[in-house]
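Scope of the values below: all heavy atoms of this structure, side chains included, with no hydrogens, waters or symmetry mates.
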Amino acid sequence: MKKINQTDILKETILLMKMKQADELVQLKDQYHYTVESLKPINLIKNAFGIIATSPEIKGNILSNVLGMTTGYITKKVLLGSTHNPIKRILGTVLQFVITNIVTKKTEKLQDNDLENV
């Protein structure tokens, strides 16, 4: 039987540690490249839109806001047309704002009621 030499054990341990160090270096480089890639502005924007697209609550809020703004704008155009009178334009903008808020709130309430019924 061969006698175990402490020097051989030490050399084997050093070799294992070097292999572990090389493996950890590869992992560190991979993580660095992944981090750099994920922090690019285009990827941040893609991730943000991905989150928005998958969240039903956010989609509902966007839908109700767009619906409210569209309704307010159409109401302003129908009632006032394209006037050059500054007072009518200001009143039209206030009317548009009020109608937008009303429609947005009503749409949110309808969506909340639909979610409760499901």
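In this structure, Leu28 CG and Gln21 CD are separated by 11.0 Å, a value rounded to the nearest 0.5 Å. Between the CG atom in Leu15 and the CG atom in Leu10 there is a gap of 11.5 Å [rounded to 0.5 Å]. Interatomic distance, OG1 of Thr35 versus CD of Gln31, reported as 4.0 Å (0.5 Å rounding). Within the model, atoms CG of Leu25 and NZ of Lys20 stand 14.0 Å from one another, a figure rounded to the nearest 0.5 Å. One finds the CZ atom of Phe49 at 13.0 Å from the OG1 atom of Thr54 (value rounded to the nearest 0.5 Å).
The shortest distance between side-chain heavy atoms of Gln27 and Asp30 does not fall below 4.5 Å.
Scanning all heavy atoms of the two residues, the minimum distance from Lys76 to Gln96 falls at CD-OE1, 3.1 Å. Closest of all the heavy-atom pairs between Val66 and Thr70 is O-OG1, 2.7 Å. The two residues Leu44 and Leu39 have their closest heavy-atom pair at CD1-O, 3.8 Å. Contact between Thr71 and Leu67 at its shortest, heavy atoms only, is OG1-O, 2.7 Å.
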Candidate pair Asn43 and Lys46, rule side chain to side chain contact (heavy atoms under 4.5 Å, CB included), full reasoning
CA-CA 5 Å; Asn43 291 333; Lys46 283 181 185 178; 4.2 Å; yes
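In terms of hydrophobic clustering, with Ile, Leu, Val, Met, Phe, Trp and Tyr side chains grouped at heavy-atom distances under 4.5 Å, Leu91 and Ile99 are assigned to different clusters. Cluster annotation: Leu79 is not connected to Val98 through the hydrophobic network of ILVMFWY side chains, with a link wherever side-chain heavy atoms come within less than 4.5 Å.
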